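These notes concern the structure reproduced below.
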Amino acid sequence: MNVVAAKITKWLALLALLCLAITCYAMGNASGAIALVILGFVFEGVFWLFGHKLFSRKKSMEEQSPS
């Protein structure tokens, strides 16, 4: 798998996690199901952990390249 395809896959996975979190929040608030709100929190946490890993790797790669 080339580098561009890997980056696109990671960004799409990150976007999917964010969409799942928002959907769970909306459905949980509309129906009053606390389990969906908790699931939204879980998806949001994974989003931030996965996103932080992606951003920190990009930043460290930019710092290592000579200017």
Side-chain angles (χ1 to χ4, degrees):
M1 185 181 238
N2 64 20
V3 176
V4 175
K7 285 185 180 184
I8 290 173
T9 304
K10 288 178 185 179
W11 281 102
L12 287 175
L14 196 62
L15 181 64
L17 281 171
L18 183 61
C19 289
L20 282 171
I22 292 170
T23 302
C24 286
Y25 284 141
M27 290 174 59
N29 286 333
S31 67
I34 193 71
L36 286 174
V37 175
I38 292 171
L39 190 60
F41 280 125
V42 170
F43 283 137
E44 185 180 357
V46 172
F47 166 79
W48 285 112
L49 290 173
F50 185 66
H52 173 69
K53 191 183 232 185
L54 187 64
F55 290 128
S56 65
R57 184 179 304 150
K58 182 179 178 183
K59 184 182 276 187
S60 66
M61 288 175 62
E62 289 175 355
E63 290 174 356
Q64 291 177 355
S65 64
S67 299

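Please read these numbers as outputs of a predicted model, since none were measured by experiment.
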Report summary line: Here the gap from Leu49 atom CG to Glu44 atom CD, rounded to the nearest 0.5 Å, amounts to 10.5 Å
Query raised in the report: Are Leu20 and Ile38 connected, step by step, through hydrophobic side chains (Ile, Leu, Val, Met, Phe, Trp, Tyr) whose heavy atoms are closer than 4.5 Å?
Result: no
Report summary line: Closest heavy-atom pair, Ala21 versus Gly40, reported as atoms and distance to 0.1 Å, is CB-O, 3.7 Å
Report summary line: Under a side-chain separation threshold of 4.5 Å, the hydrophobic residues clustered together with Val42 are none
Requested in this report: Supply the atom-to-atom distance Thr23 OG1 to Leu18 CG, rounded to the nearest 0.5 angstrom.
Outcome: 9.0 Å
**Report entry** Leu14 with Leu39, same ILVMFWY side-chain cluster at under 4.5 Å
**Finding:** yes
Requested in this report: Indicate if Ile22 and Val37 have the same hydrophobic cluster label, given that clusters are the connected sets of ILVMFWY residues with side-chain heavy-atom separations under 4.5 angstrom.
Outcome: no
Requested in this report: May I have all residue pairs that pass ring pair (Phe, Tyr, Trp, His ring centres under 6.0 Å) and include part of residues 12-33, sequence neighbours excluded?
Outcome: Tyr25-Phe41
Query - Reported CG-to-CD1 distance for the pair Asn2 and Ile8, which is rounded to 0.5 angstrom - result: 8.0 Å
Query - By ring pair (Phe, Tyr, Trp, His ring centres under 6.0 Å) - contacts of Phe43 (at least two apart) - result: none
